[in-house]
**Student:** 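Just dropping this structure here.
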Amino acid sequence: MPENSVSIASFWDAFAASFDEEADHGLRDPEVRTAWAERLRSWMPDAPADVLDLGCGTGSLSLVLAGQGHRPVGVDLAPLMVEQARRKLTEAGFDAVMMVGDASDPPARAGTSFDVILSRHLLWTLPDPREALRRWVGLLRPGGRLVLVEGRWASAEPGEDRPYAAEAEAMPWMGGVEAERLVRVLRPLVETLRVEPLPDSRLWGRPIQDERYAVVAFA
């Protein structure tokens, strides 16, 4: 694993134990969980669909998807995050694959053909998000969809008092990416797309002042 990947994995592993305390991470609040379940249902095709959950973290979205009858596969760079995701899915009675790997270039063992590729708040962490998007679109079946939950945050990222990674300055979308900019990059890669603003405080467990949205793109 490249040195930068190791430092990024270590960064997120340090948050693994407390990650789910954030309302939109752990989805522990029934209202927050219901809000995400409703959104995911609106973005997904009919179940069962094969869904690649990139940057799956502790597996909260994969758990919701499995509960809706889909077949999620999770990929995350941080081993302790993946460990929690596996435990979460297993304890809920789902036999879903959660694996350690580079979400920007998913390992072949995760699969090479999906109905849906999902990522939430991942693009800002990638050194080459444009290339990652090209790879992801290439993993979609004909008519498959890419669901990107993104935003542009007014405040610093978690761990603002601690460097994200040694090469963080090389990450072009550090701090998030505006919907308009993401659409410009993505439009040549897909057939159609739509942008859905996500200002609903139920999704985040609190009112938000910055830009939050989803892009749903079809191959």
Side-chain angles (χ1 to χ4, degrees), residues 1 5-6 8-123 125-126 132 135-136 139-141 144-149 158-159 202-205 214:
M1 186 182 293
S5 296
V6 172
I8 292 172
S10 298
F11 178 94
W12 290 110
D13 271 346
F15 284 99
S18 61
F19 190 77
D20 280 357
E21 293 173 8
E22 290 289 331
D24 60 311
H25 293 170
L27 309 187
R28 292 169 173 170
D29 185 308
E31 185 176 40
V32 175
R33 184 180 178 84
T34 297
W36 279 103
E38 291 172 352
R39 294 289 179 167
L40 287 170
R41 190 173 288 110
S42 74
W43 297 330
M44 295 294 127
D46 293 339
D50 294 313
V51 183
L52 182 59
D53 182 4
L54 294 174
C56 66
T58 60
S60 295
L61 295 186
S62 281
L63 180 59
V64 174
L65 290 169
Q68 294 179 351
H70 298 293
R71 296 183 290 253
V73 173
V75 176
D76 199 281
L77 197 62
L80 295 183
M81 292 280 198
V82 172
E83 182 180 311
Q84 289 206 36
R86 288 173 180 154
R87 183 183 309 116
K88 191 178 292 184
L89 272 291
T90 299
E91 289 177 352
F94 297 110
D95 184 21
V97 176
M98 300 283 118
M99 68 176 62
V100 176
D102 183 354
S104 70
D105 189 10
R109 68 184 186 280
T112 57
S113 180
F114 294 90
D115 299 305
V116 182
I117 293 178
L118 167 71
S119 77
R120 181 175 65 170
H121 298 172
L122 174 65
L123 289 170
T125 71
L126 305 181
R135 291 193 190 105
W136 298 351
L139 294 174
L140 289 172
R141 293 169 182 157
R145 62 190 70 182
L146 184 63
V147 179
L148 306 171
V149 180
R202 296 183 309 148
L203 292 167
W204 315 109

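As the structure is a prediction and not an experimental result, all values here were calculated from the model.
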**Student:** Between R202 and E38, does any side-chain N to carboxylate O distance fall below 4.0 Å?
**Tutor:** yes

**Student:** Looking only at heavy atoms, what is the nearest atom pair of G55 and A103, with distance?
**Tutor:** N-CB, 3.6 Å

**Student:** Ignoring hydrogens and geometry, is there a side-chain-to-backbone donor-acceptor pair from S60 to H25 under 3.5 Å?
**Tutor:** yes

**Student:** For A37, check side chain to side chain contact (heavy atoms under 4.5 Å, CB included) against everything at least two apart and list the hits.
**Tutor:** V64, Q68

**Student:** Report yes or no: does T90 contribute a side-chain atom to a donor-acceptor pair with the main-chain N or O of R87 at less than 3.5 Å?
**Tutor:** no

**Student:** Any side-chain heavy atom of W43 sitting closer than 4.5 Å to one from R145?
**Tutor:** no

**Student:** Is it the case that the ring center of H121 lies less than 6.0 angstrom away from the ring center of W204?
**Tutor:** yes

**Student:** Could you tell me whether the side chain of T34 and the main chain of E31 form a donor-acceptor pair under 3.5 Å?
**Tutor:** no

**Student:** Between L203 and V32, is a side-chain contact (heavy atoms from CB on, under 4.5 Å) present by the stated rule, with each step listed?
**Tutor:** CA-CA 5 Å; L203 292 167; V32 175; over 6 Å; no

**Student:** Within this structure, what is the CZ-OG distance for the pair R135 and S104, rounded to the nearest 0.5 Å?
**Tutor:** 5.5 Å

**Student:** Say whether, by atom type as modelled, one donor and one acceptor occur between the side chain of R71 and the main chain of V51 under 3.5 angstrom.
**Tutor:** no

**Student:** Output the distance between atom CZ (F11) and atom OG1 (T125), rounded to the nearest 0.5 Å.
**Tutor:** 10.5 Å

**Student:** Are I117 and L139 packed together at the side-chain level, in the sense that at least one heavy-atom pair is separated by less than 4.5 angstrom?
**Tutor:** yes

**Student:** Can you tell me how far apart CZ (R33) and CG (L40) are? Round to the nearest 0.5 Å.
**Tutor:** 10.0 Å

**Student:** Could I get the full list of side chain to side chain contact (heavy atoms under 4.5 Å, CB included) partners for L80, not counting sequence neighbours?
**Tutor:** D13, A16, E83

**Student:** So, applying side-chain contact (heavy atoms from CB on, under 4.5 Å) with D53, which one of L61, V116, V147 is it?
**Tutor:** L61

**Student:** Between atom CE of M99 and atom CZ of R86, what is the distance when rounded to the nearest 0.5 Å?
**Tutor:** 8.0 Å

**Student:** Donor-acceptor pair, distance only, cut-off 3.5 Å: does the side chain of H70 make one with the backbone of P48?
**Tutor:** no

**Student:** Can you tell me how far the SG atom of C56 sits from the CG atom of L122, to the nearest 0.5 Å?
**Tutor:** 10.0 Å

**Student:** For residues A96 and P72, report the shortest heavy-atom separation together with the two atoms involved.
**Tutor:** CB-O, 3.7 Å

**Student:** Locate the shortest heavy-atom distance separating D24 from L27; write the atom from each residue and the value.
**Tutor:** O-CD2, 3.5 Å

**Student:** Would you say the side chain of L65 lies within less than 4.5 Å of the side chain of F94, judging by non-hydrogen atoms?
**Tutor:** no

**Student:** Donor-acceptor pairs under 3.5 Å, side chain of residues 105-115 to any protein atom, not counting sequence neighbours: which ones?
**Tutor:**
from : atom 1 : to   : atom 2 : distance (Å)
R109 : NH2    : V100 : O      : 2.8
S113 : OG     : R141 : NE     : 2.9
D115 : OD1    : R141 : NH1    : 3.2
D115 : OD2    : D50  : N      : 2.9
D115 : OD2    : R141 : NH1    : 3.0

**Student:** Under the side-chain contact (heavy atoms from CB on, under 4.5 Å) rule, what do W12 and L77 come out as? Steps first, then yes or no, please.
**Tutor:** CA-CA 8 Å; W12 290 110; L77 197 62; over 6 Å; no

**Student:** Donor-acceptor pair, K88 side chain versus T58 backbone, under 3.5 Å?
**Tutor:** yes

**Student:** Between P79 and A9, which heavy-atom pair has the shortest distance, and what is it?
**Tutor:** CD-CB, 4.3 Å

**Student:** Are the side chains of L118 and L54 in touch, meaning some heavy atoms are under 4.5 Å apart?
**Tutor:** no

